[in-house]
Structures are given as C-alpha cells and as structure tokens.
Amino acid sequence: MDYRFSDRVKKLKPSAIREIFKYASDPDVISLSAGNPAPDAFPVDAIRKCSEELLREQPIDALQYSVTEGLPALRDDVSTFLKQHCGIATPGDSILITSGAQQIMDLLGKSVINEGDTVVCEEPSFVGALNSFRSYNAVLKGVPMQDDGMDLKKLEGILKSDSKVKFIYTIPNFQNPTGITTSWEKRQGIYALAKKYDTLILEDNPYGDLRFAGERIPSIKTLDTDGRVIYSGTFSKTISPGMRVGFAVGGNALIQKMVVCKQGSDVHTNIWSQHVIHRFLHGWNFEEHLKNLQKIYAKKYAVAEKALNETAQSLTYRPIQGGLFIWCTLPDSIPMMEYCKKAIQNKVCVVPGNAFLTDSSKPCQSFRINYSSPADADLARGISILGRQAKEWPADQQR
Ligand SMILES: Cc1ncc(COP(=O)(O)O)c(C=O)c1O
C-alpha cells in the first residue's frame, strides 16, 4: 500500500543513532554508542522487594487505571526532593509525572509549537529532543556550545531577530552529547535573556545527580519567579530507564495543558512503575543510592580516561565530571563519517557527531562515546581500537 503520511511527519527520518543500534546489538561489537546506565547501577534487589510488597499490599492500585497527573504520593516525593536537594520551589508551579523525560519534549512541543515556530537549542544537542520538536514542524536554531555552555551573544542574536521563538532548550549538566556543564554565570545569562525576550526555557536535567567530581551548580529553575522555566527530570539514569518515569515541573497553566495532551497520548504513566519508585524512595536511602552511583561512574570514567590518555592520543576529548558521555574529536585530516563506519568494521560502535546537529549535513569532526555500559575490559579495548584506528588512518584516505 502507498501510505500517505501527514505533512507533519513526512520528512522525519529514523535517527542515525537508531540505525547504529542495529550494529550495537551484535554481540561481537563493543557498543560505545548507547546512553545506558551501568549494569551495576540498577538497584535490582530493592526493586524486587518494592514490587513484591506492592503486589502483596496494594495489588489493585498497582494494576488499575490511574490519574494523568501522576501518583499523588510520587508527585509529593518529587516536590520534596526538588526543594530539599535542588532548592527548586517556584510558587504556582505544578508537577506532572511523565513516561520518561522524552515525553516532556513531546508534550511541551504539542502544547506550544505551531508549524514554523522556532526552538532554540544547543548545537550539538540531544537528538531525541530535536526529533520531538521536528515532529511539530519547529524550525531548530542551534547556538554553538563553548566550554561553559551556549554562546550567549549568538543566543541573543537569535532571540532579538526572531519573534517566533517558543522556547530555549538546554541541558545544563553534562550535556548530551558534549559532556559540557553550563556555568552559573551562563545559567543566569540564559534566564536573563529568556526574560528580556519573553520566552520559555526547557531545562532538561537527566544527568545532574550523576556528578562524580566538582561542585554542584544550581539549576536555572532556582532563578524562576514567573513560571518561565519548565524543568525536566527523570528516574531513568538514577533508578531505571525501562520503568519510564520522568517528571515535569512548570507553571500550572502550562502543566494543565500538557496534562490534556498526555491524556490523548498514553492516559497516564505506568502506575506500577510509579508505585515502585515511590516505595523505593521511602524504603531505601535515595541519597546513599546516588552516592553509590557516583562512585560507580567515577570508577568507570577512570577506566575510560586512562585508556584515552594511554591508547588514543590521536583523539582529543573533553574531560567530564559526571553524566554518561565523552565527546571525542578527530584530527582535521580524518573524515569523521568514514572513521565511524570503519570503527564498526573493527567491531566498535560510536555515534557520529553530526547526528546531534540541527542540520546533520553540516561538517563535524567529533563523535560521542558512552563509557557507562560496557564492561571495563571492553571499554578499554574499544577505546584502544579507536585510538589505533585514528593513529593508523591511511594517508591515501586523509582529507
Ligand atoms: C538529554 C536527555 N534528555 C532526555 C532523555 C530522555 O530520558 P528518559 O529515559 O527519561 O526519557 C535523555 C536520554 O538519554 C537525554 O540524554
């Protein structure tokens, strides 16, 4: 049959990452391409106990339909955690429990983007979010990343010249894919510009709790006085991505609109998962659990860092203090896409950097690696293969 797709989705293509995942699932390939938490980071025993107790004590609550806004007890937990742990408490804000943070991108897009509206994002940025905004026919305008976050002059240039900007999308902690953390000065700058040009900010923070070095920087949401910042959080990287539980915090009227949009999408977030997470947050010490995760990631990152320093000197990489990704850059003489394809032949899978650009046909010399999911020996071996491949890149295939 000749399917007649809507204008809205006709131009959407499967992301380069999904295509690369085909190779990543080959057991002979060392996958440095996923964004998966480390296997040791899952609190399996605790989740098993919470599930057993839940099914014993509240079986029908766990299996019945529930409310779109999310389990009230879990919304209270999120509110308390954000107040105590992150200093986030904007009067007039509401909380919506979502099916992962990914759904926040979709619901915000559905709620505010008209065809042809602009979303300003970091360049490069998280491809899952970019694809959500694209599905509402938003025009994506990228602001180049500097070592401490977006180039604020360029950001202001866009905001000044474009009256159709609906929101600024930023990942201030250990950004996906570059690992960059936005400085406190720049967070204040982004908020001030959003206020000056009267636009929203979507602050996406899946990695803030995975900081294993350096000082925590307050969230942009702590500056918010008028519901301008919609904060996106998730339990995907701290408890389990498979459980699909995220949370949006934003102005009540905006959250109410997202609730209506969510009703048409999945009615509510998996209620079994919400109950289990609520029980986990109460029956187990979440702060201790986060400290344990930070130790796991510090140890794993040390393996990656050693391998990069000792076996991959032909690559440059940006050191990180948390999160899951390392951004590596090739010498100008090596064509990045050919390099990533050759890596697959050599049984290592990475994500080509252009997948994260607003326009993936633009030149890019970088690629993303994930250090959290492979076993230590595979991680070190994968990085050394990448290093050797760059060092021994054939002269006749250089640019
Ligand atoms: C920056 C960023 N935002 C959001 C998400 C989506 O997370 P979730 O699993 O909560 O949908 C990811 C997942 O990798 C991410 O990297």
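Just so it is clear, the model here is predicted, and its values are computed rather than measured. Numbering of ligands and ligand atoms starts at 1, following listing order.
- Against a heavy-atom cut-off of under 4.0 Å, Gly100 is close to the following atoms of ligand 1: 10 (O), 11 (O).
- Across all their heavy atoms, Leu107 and Ser111 have their closest contact at O-OG, 2.6 Å.
- A search for ring pair (Phe, Tyr, Trp, His ring centres under 6.0 Å) contacts involving Tyr231 returns nothing, not counting sequence neighbours.
- Counting only heavy atoms of the protein, atom 12 (C) of ligand 1 lies nearest to Phe126 CZ, 3.4 Å.
- Contact atoms of ligand 1 toward Asp204: 1 (C), 2 (C), 3 (N), 4 (C) (distance under 4.0 Å to a heavy atom of the residue).
- Of the candidates Phe126, Tyr207, Phe174, Tyr207 is the only one forming a ring-ring contact (aromatic ring centres under 6.0 Å, His included) with Phe325.
- Considering CD of Gln274 and CG of Asp61, their distance stands at 12.0 Å, rounded to 0.5 Å.
- Nearest heavy atoms, Ser99 versus Thr269: N-OG1, 3.1 Å.
- Under 3.5 Å, the side chains of Thr238 and Asp209 contain no donor-acceptor pair of N or O atoms.
- The ligand atoms of ligand 1 that sit less than 4.0 angstrom from a heavy atom of Lys237 are 13 (C), 14 (O).
- Side-chain contact check for Thr181 and Gln321: no donor-acceptor pair (N or O, by modelled atom type) lies under 3.5 Å.
- Closest protein heavy atom to atom 7 (O) of ligand 1: Ala101 CB, 4.0 Å.
- In this structure, Lys49 is not positioned above the aromatic face of Trp284 in the sense of NZ or CZ being under 6.0 Å from the six-membered ring centre and within 45° of the axis.
- The shell of residues lying under 4.0 angstrom from ligand 1, judged by heavy atoms, includes Arg244.
- Thr178 and Gln175 share a donor-acceptor pair across their side chains, judged by distance under 3.5 Å alone.
- Under a 4.0 angstrom heavy-atom cut-off, Pro206 registers as being in contact with ligand 1.
- Interface of Gln102 with ligand 1, defined as ligand atoms under 4.0 Å from a residue heavy atom, comprises 6 (C), 8 (P), 11 (O).
- Only the side chain of Ser236 comes within contact range of ligand 1, with a heavy atom under 4.0 Å; no backbone atom does.
- Atom numbering of ligand 1 starts at 1 in the shown order; those under 4.0 Å from a heavy atom of Ile171 are 1 (C).
- Closest to atom 16 (O) of ligand 1 among all protein heavy atoms lies Tyr207 OH, 2.5 Å.
- Using a 4.0 Å cutoff on heavy atoms, Gln175 does not count as a contact of ligand 1.
- Look at Phe235 and you'll find every heavy atom at least 4.0 Å from all atoms of ligand 1.
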